[in-house]
Amino acid sequence: SIFDPVLTELSYRWFNIEGGRILDPFAGGSVRGIVAAKLNMPYVGNDLSEAQIRANKANAEEVLGISYPFFPQWTVGDSSQLEDVLSTNGISGDFDMIFSCPPYADLEVYSNDPRDISNMDYAQFIEAYKRIIKQSCSRLKNNRFAVFVVGDIRDKKGIYRNFVSHTIEAFTGCGLHYYNSLILVNQITSLAIRVRRQFNGTRKVGKVHQNVLVFCKGSVEETIDSFEELQVKKALENQMITLKENFENQGVKVESVEITVQTNAFENNQNFNNQNEQKNNTSKNRAKLNLNGLNFDDDNDGELDDEQNSM
């Protein structure tokens with residue numbers, strides 16, 4: 001099935017910084033890469049299947065065009081050896097977000113490759129799955145988010161495996177904080193027709209949702225502050241651009257606009273008990289407009305009205 005592009009866009013906008021690099025260790029589709037490109041976010045996705053990666057690239061070329069800025073980068077390899085795969089492909093540096101949707105164990109077997117975790121029994125699957133998450137998290141920057149879309153699955157006897165909890169354990173075992181849990185409601189489609197017979201025969205209810213799990217690496221407080229700082233800076237930049245355009249429309253040439261946003265993250269340190277020190281660590285936002293480069297045209301007297309002088 002096609003991965004939900006709306007969920008992808010929301011996840012990127014909510015849990016990635018503007019222009020942030022995205023790592024996807026289970027890139028079994030093109031949607032996450034295409035949406036990243038549309039949002040000007042560099043994307044690197046890896047999958048074991050060379051055929052799947054070819055299909056991803058072909059689909060992206062059809063939708064975006066081969067010369068599209070931020071065209072997704074896909075690699076072929078075993079994500080349990082993700083660091084080697086990235087290094088072999090010359091991909092260095094850390095990422096600003098992890099976003100992926102893993103195989104649901106053996107619910108769907110994708111290939112006969114023994115490295116394919118959908119071929120493994122559940123215990124082996126979880127072991128390999130945790131290795132992949134660990135290697136992915138090692139490439140995630142501090143004070144950033146990881147988002148996985150998962151759903152619980154049943155074993156051959158119909159018993160739930162508790163895959164959602166195992167995913168949470170994998171990330172928290174890497175030191176990340178379990179921060180958000182969202183529910184993605186899927187389309188009912190044919191379930192409404194199938195559910196009566198299924199329930200009457202097995203007492204199993206139909207499941208029409210997936211879990212969107214959000215994890216934070218580093219300090220939660222500093223992560224929130226850093227995202228707030230970036231959002232404030234972007235808002236101020238947009239306002240300064242508008243102000244610059246207004247000045248230039250009146251014949252005032254603005255050579256440069258400088259935006260500075262300073263946020264001091266809260267430090268959870270017992271030594272900071274002094275009230276004056278606490279005041280010094282209060283978060284601050286400051287915008288600076290550099291007007292030193294203002295050049296006034298000869299046909300403009302350079303005088304601003306009272307409203308503009310008050311800005």
Side-chain angles (χ1 to χ4, degrees), residues 3 8 11 16 20-34 36 41-60 71-142 144-150 153 161 163-176 213 215-218:
F3 194 80
T8 304
S11 298
N16 193 17
R21 297 177 77 201
I22 299 162
L23 177 62
D24 181 355
F26 298 105
S30 61
V31 169
R32 296 189 289 275
I34 291 172
M41 296 178 178
Y43 168 96
V44 176
N46 183 70
D47 196 82
L48 184 63
S49 170
E50 185 174 352
Q52 179 63 61
I53 294 302
R54 284 198 303 267
N56 289 356
K57 292 179 178 178
N59 194 15
F71 191 88
Q73 182 175 3
W74 282 288
T75 59
V76 178
D78 184 354
S79 284
S80 66
Q81 305 295 327
L82 185 60
E83 186 57 48
D84 291 340
V85 174
L86 296 177
S87 299
T88 299
N89 287 273
I91 300 171
S92 60
D94 293 334
F95 291 82
D96 297 289
M97 183 187 189
I98 296 171
F99 186 62
S100 199
C101 181
Y104 288 10
D106 58 356
L107 184 65
E108 181 178 355
V109 177
Y110 294 97
S111 74
N112 294 323
D113 192 321
R115 299 173 298 168
D116 187 339
I117 61 176
S118 68
N119 268 325
M120 302 176 182
D121 64 44
Y122 191 68
Q124 293 174 324
F125 168 85
I126 289 298
E127 184 180 348
Y129 182 56
K130 288 183 176 181
R131 285 199 304 270
I132 293 169
I133 289 175
K134 183 176 181 179
Q135 294 209 24
S136 300
C137 290
S138 69
R139 280 290 192 115
L140 181 64
K141 294 178 182 177
N142 280 328
R144 294 292 188 266
F145 290 107
V147 181
F148 257 42
V149 181
V150 298
I153 47 179
R161 297 185 184 274
F163 182 43
V164 175
S165 294
H166 293 153
T167 300
I168 296 170
E169 290 173 3
F171 276 98
T172 56
C174 295
L176 276 70
L213 307 177
F215 304 90
C216 175
K217 181 178 181 180

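- Relative ring orientation between Phe148 and Tyr129 is described as tilted, the plane-to-plane angle lying within the 30° to 60° band.
- Environment of CG in Asn112: sparse, with no more than 12 heavy atoms of neighbouring residues, nucleotides or ligands closer than 6.0 Å.
- Residues Tyr110 and Pro103 have side chains in contact (heavy-atom distance under 4.5 Å, counting atoms from C-beta outward).
- In this structure, the side chain of Ser100 engages the main chain of Phe26 through a donor-acceptor pair within 3.5 Å.
- To the nearest 0.5 Å, the span separating OG on Ser79 from CD on Gln135 amounts to 8.5 Å.
- Minimum heavy-atom separation, Ala36 to Ile22: CB-CD1, 3.9 Å.
- Atom CZ in Phe163 sits 11.0 Å away from atom CD1 in Ile168 (nearest 0.5 Å).
- To the nearest 0.5 angstrom, Glu83 atom CD is 9.5 Å from Thr88 atom OG1.
- Rounding to the nearest 0.5 Å places CG of Asp121 at 9.5 Å from CD of Glu127.
- Atoms CG and SG, on Asp94 and Cys137 in that order, are 11.5 Å from each other to the nearest 0.5 Å.
- A donor-acceptor pair is defined here as one N or O able to donate and one able to accept, closer than 3.5 Å; no such pair exists between the side chain of Ser87 and the backbone of Asp84.
- When each of Asp24, Asn56, Thr8 is checked for a side-chain hydrogen bond (donor to acceptor under 3.5 Å, both in side chains) with Arg32, only Asp24 meets the rule.
- The shortest heavy-atom contact between Ile53 and Ala27 is CD1-O, 4.2 Å.
- Counting heavy atoms from C-beta on, the side chains of Phe99 and Val149 come closer than 4.5 Å.
- How far CD1 of Ile98 is from CD1 of Ile133: 8.5 Å, rounded to the nearest 0.5 Å.
- With contacts defined as side-chain heavy-atom distances shorter than 4.5 Å, the pair Val44/Asn89 does not qualify.
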For this session: Kindly indicate, with the supporting measurements, whether the criterion side chain to side chain contact (heavy atoms under 4.5 Å, CB included) is fulfilled by Arg21 and Ile91.
Result: CA-CA 11 Å; Arg21 297 177 77 201; Ile91 300 171; 3.6 Å; yes
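- In this structure the side chain of Tyr122 never reaches within 4.5 angstrom of the side chain of Asp106, judged on heavy atoms.
- The aromatic rings of Trp74 and Tyr43 sit perpendicular, their planes meeting at an angle over 60°, well past the 30° parallel limit.
- Contact between Leu140 and Ala146 at its shortest, heavy atoms only, is CD2-CB, 4.2 Å.
- Taking every heavy atom of both residues into account, Lys130 and Ala170 meet most closely at CG-CB, 3.7 Å.
- The shortest heavy-atom contact between Pro25 and Ile132 is CB-CG2, 3.8 Å.
- When side chains are defined from C-beta on, Val150 counts as touching Pro102, because their heavy atoms get closer than 4.5 Å.
- Looking only at distances, no side-chain donor or acceptor of Asp96 sits under 3.5 Å from a matching main-chain atom of Lys141.
- Taking all atoms of both residues into account, the shortest heavy-atom contact from Lys134 to Cys174 is CA-SG, 3.5 Å.
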For this session: Determine, step by step, whether Leu176 and Phe145 satisfy the side chain to side chain contact (heavy atoms under 4.5 Å, CB included) criterion, reporting the C-alpha distance in whole Å, the side-chain angles of both residues, the deciding distance to 0.1 Å, and the verdict.
Result: CA-CA 9 Å; Leu176 276 70; Phe145 290 107; over 6 Å; no
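- Salt bridge annotation for Asp78-Arg131: absent, with no cationic side-chain nitrogen under 4.0 angstrom from a carboxylate oxygen.
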